[in-house]
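Read through the structure below, which is laid out as structure tokens, and then see the notes.
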Amino acid sequence: MEAVNTDISDADSGEDDGTVEATGDPTLGQVLLAVEELWPESLAEDWDEVGLVAGRPNVPVSKVLFAVDPTLEVIDEAIEWGAELLITHHPLLLKGVNSVAATSAKGLAIHRLIEAGTGLLTVHTNGDSAVGGVSDVLADAFGLENVTPLTPASNGLPEEGIGRVGDLPDLETLGDFAARVFEMLPAVAGGVRVAGDKDGLVRRVAVCGGAGDSLLAAVRASNADVYVTADMRHHPASEAREGATNGRPYLIDVSHFASEWLWLPAAAEALGNVLADQGFDVEIRVSSTNSDPWDFILTPGGD
């Protein structure tokens with residue numbers, strides 16, 4: 001996975017051409033304000049934990065690393081690169097804890113971050129819901145038109161919310177569309193699972209990055225021909241197939257990590273643009289670590 005570098009150190013202040021003179025490194029607090037502009041915390045789901053996990057707001061930030069998961073390998077990558085801030089989609093501390101001793105993986109993660117002076121920021125369901133968020137990026141990648149949220153945000157704009165639904169420019173077979181999905185996503189051991197008639201025609205597509213089988217009722221209400229999401233559990237998938245109308249919605253189950261990784265380059269570019277507009281010189285990269293937890297898969301007839 002190629003790193004994204006949004007180096008903006010060459011701002012020219014010699015002419016009034018709309019550029020902003022670079023003023024050096026922003027503080028972590030100033031980066032937080034830019035992040036809030038892009039992915040407001042008010043868009044996060046009630047159960048979610050987003051925002052700053054570790055870090056001092058007054059520390060200068062010259063390097064930012066984006067990743068899906070705050071795993072120890074990702075944290076080490078951020079530290080070795082010299083990043084003062086790691087922004088991850090998934091929270092490190094989603095559930096309450098009563099100890100961050102380094103005897104546990106999460107405690108060790110906190111110790112490594114603090115000892116290295118690297119901040120950690122979570123942009124989770126607020127990054128899903130916002131315009132240009134995870135599901136928007138998926139919808140764009142699949143070429144969907146007339147895109148709307150599957151479940152509109154209660155505290156956001158009409159175009160914000162969890163999941164997206166839209167239309168392909170032309171009819172495609174389920175098999176061809178699934179092949180496109182497979183080709184667009186990062187390669188992971190689990191591949192892509194499909195439920196439905198391979199030769200069935202699809203045009204209306206619902207998507208949700210990450211685990212999305214809780215949105216199946218909204219998918220049916222949207223009249224989608226196919227639903228692309230991750231972590232489809234047995235019972236919701238089985239019930240969706242049993243209750244399908246003319247076999248629809250078909251289901252495409254992808255890797256949780258892969259479905260959300262596509263957002264990272266877009267998010268890195270968006271944050272770089274906001275900071276550049278404010279005159280800051282920040283280097284931003286996307287992690288090269290594949291944090292999908294699976295290593296290999298066995299299938300009938302496979303090696």
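All values below come from the heavy atoms of this structure, side chains included, with hydrogens, waters and symmetry mates left out. Position 1 is the first residue of the sequence; numbering continues from there.
Placement of V194 and V226 within a single hydrophobic cluster is found when ILVMFWY residues are connected by side-chain heavy-atom separations under 4.5 Å, directly or transitively. Grouping the Ile, Leu, Val, Met, Phe, Trp and Tyr side chains by contacts below 4.5 angstrom, directly or via other members, places V274 with F280. Under the 4.5 Å side-chain contact rule for hydrophobic residues, V282 and V123 share a cluster. No continuous path of hydrophobic side-chain contacts links I75 to V68 [ILVMFWY only; heavy atoms under 4.5 Å].
A donor-acceptor pair under 3.5 Å is formed between the side chain of D253 and the backbone N or O of D231. Remark: the backbone N or O of G107 is paired with a side-chain donor or acceptor of S104 at under 3.5 angstrom. Side-chain N or O atoms of E77 include one that pairs as donor or acceptor with a backbone N or O of S288 at under 3.5 Å. Without hydrogens or angle criteria, D69 side chain to T71 main chain gives no donor-acceptor distance under 3.5 Å.
Looking at T27 and V31, their side chains never come closer than 4.5 Å, going by heavy atoms from C-beta outward. Counting only heavy atoms from C-beta outward, the side chains of L38 and V35 never approach each other to under 4.5 Å. Side-chain contact between L144 and V165: absent, with no pair of heavy atoms (C-beta onward) separated by less than 4.5 Å. A 4.5 Å side-chain heavy-atom check between I252 and L174 finds at least one atom pair inside the cut-off. Between V53 and I110 there is a side-chain heavy-atom pair separated by less than 4.5 Å. For the pair E37 and L33, the minimum side-chain heavy-atom distance is 4.5 Å or more.
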Review item, side-chain donor-acceptor pairs of residues 112-122, under 3.5 Å, at least two apart:
| unit_1 | atom_1 | unit_2 | atom_2 | d |
| --- | --- | --- | --- | --- |
| R112 | NH1 | D76 | OD1 | 3.2 |
| R112 | NH1 | D76 | OD2 | 3.0 |
| T118 | OG1 | A83 | O | 3.0 |

Please table the atom pairs, donor to acceptor, closer than 3.5 Å between any side-chain atom in residues 146-161 and protein atoms at least two apart or in another chain.
| unit_1 | atom_1 | unit_2 | atom_2 | d |
| --- | --- | --- | --- | --- |
| T151 | OG1 | I162 | O | 3.2 |
| E160 | OE1 | L157 | N | 2.7 |

Donor-acceptor pairs are to be reported for all side-chain atoms of residues 56-67 against protein atoms at under 3.5 Å, with residues two or more places apart or in another chain.
| unit_1 | atom_1 | unit_2 | atom_2 | d |
| --- | --- | --- | --- | --- |
| S62 | OG | E84 | OE1 | 3.2 |
| S62 | OG | E84 | OE2 | 2.9 |
| K63 | NZ | W81 | O | 3.0 |

When the side chains of residues 198-219 are checked against the rest of the protein, which donor-acceptor pairs come out under 3.5 Å, sequence neighbours left out?
| unit_1 | atom_1 | unit_2 | atom_2 | d |
| --- | --- | --- | --- | --- |
| R203 | NE | L168 | O | 2.9 |
| R203 | NH2 | P169 | O | 2.5 |
| R204 | NE | S222 | O | 2.7 |
| R204 | NH1 | D167 | OD1 | 3.1 |
| D213 | OD1 | R233 | NE | 3.4 |
| D213 | OD1 | R233 | NH2 | 2.9 |
| D213 | OD2 | R233 | N | 3.0 |
| D213 | OD2 | R233 | NE | 2.9 |

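The line from CD of E269 to CG of L264 is 13.0 Å long, rounded to the nearest 0.5 Å. Atom CZ of F257 is separated from atom CH2 of W294 by 15.0 Å, given to the nearest 0.5 angstrom. Rounding to the nearest 0.5 angstrom, the gap separating the CG atom in L271 from the CD1 atom in I87 is 5.0 Å. Summarising the geometry, atom CD1 belonging to I284 is positioned 9.0 Å from atom CG belonging to L85; distances are rounded to the nearest 0.5 Å. To the nearest 0.5 Å, atoms OG1 (T125) and NE2 (H90) are separated by 10.5 Å. L275 CG to D281 CG: the interatomic distance, rounded to the nearest 0.5 Å, is 10.0 Å.
Sorted by first and then second residue, the pairs that involve residues 177-234 and meet ring pair (Phe, Tyr, Trp, His ring centres under 6.0 Å), not counting sequence neighbours, are F142-F177. Residues in residues 188-218 take part in no ring pair (Phe, Tyr, Trp, His ring centres under 6.0 Å) pair, two or more places apart or across chains. Applying the ring pair (Phe, Tyr, Trp, His ring centres under 6.0 Å) test to residues at least two apart or on different chains, none of the pairs has a partner in residues 186-219.
Partners of E172 by side chain to side chain donor-acceptor pair (under 3.5 Å), not counting sequence neighbours, listed by chain and number: R180. Legend: residues meeting side chain to side chain donor-acceptor pair (under 3.5 Å) with H124, ordered by chain and number and at least two apart, are D48. Shown here are the side chain to side chain donor-acceptor pair (under 3.5 Å) partners of R220, two or more places apart in sequence or in another chain: there are none.
Counting all heavy atoms, side chain and backbone alike, A224 lies closest to P249 at O-CB, 3.5 Å. The shortest non-hydrogen separation linking G127 to W39 is CA-CD1, 4.1 Å. The shortest non-hydrogen separation linking V137 to A266 is CG2-CB, 3.9 Å. Looking at every heavy atom in both residues, L185 comes nearest to S259 through CD2-CA, 4.4 Å.
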task: Mind running side chain to side chain donor-acceptor pair (under 3.5 Å) on S291 and E73 for me, showing each step along the way?
output: CA-CA 8 Å; S291 56; E73 185 177 0; over 6 Å; no
- request: Please assess D128 against N126 for the test side chain to side chain contact (heavy atoms under 4.5 Å, CB included), listing each intermediate value before the final yes or no.
  value: CA-CA 5 Å; D128 290 321; N126 48 329; over 6 Å; no
task: Take T229 and V254, measure what side chain to side chain contact (heavy atoms under 4.5 Å, CB included) needs, and give me the verdict at the end.
output: CA-CA 6 Å; T229 191; V254 302; over 6 Å; no
field: K106 and L92: CA distance, side-chain angles, deciding distance, side chain to side chain contact (heavy atoms under 4.5 Å, CB included) verdict
entry: CA-CA 7 Å; K106 290 185 182 293; L92 176 66; 4.1 Å; yes
- prompt: How far apart are the C-alpha atoms of L86 and V74, what are their side-chain angles, what is the distance that settles it, and do they pass the side chain to side chain contact (heavy atoms under 4.5 Å, CB included) test?
  reply: CA-CA 9 Å; L86 170 62; V74 168; 3.9 Å; yes
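In the displayed structure, E36 atom CD is contacted under 6.0 Å by more than 12 heavy atoms of other residues, nucleotides or ligands. The local environment of CD in E242 is sparse, with at most 12 non-hydrogen atoms from other residues, nucleotides or ligands closer than 6.0 Å.
Cluster partners of L43 are absent, since no Ile, Leu, Val, Met, Phe, Trp or Tyr has side-chain heavy atoms less than 4.5 Å from it. Through direct or relayed side-chain contacts under 4.5 Å between Ile, Leu, Val, Met, Phe, Trp and Tyr, W47 connects to L94.
For H89 and H256, the ring centers sit 6.0 Å or farther from each other.
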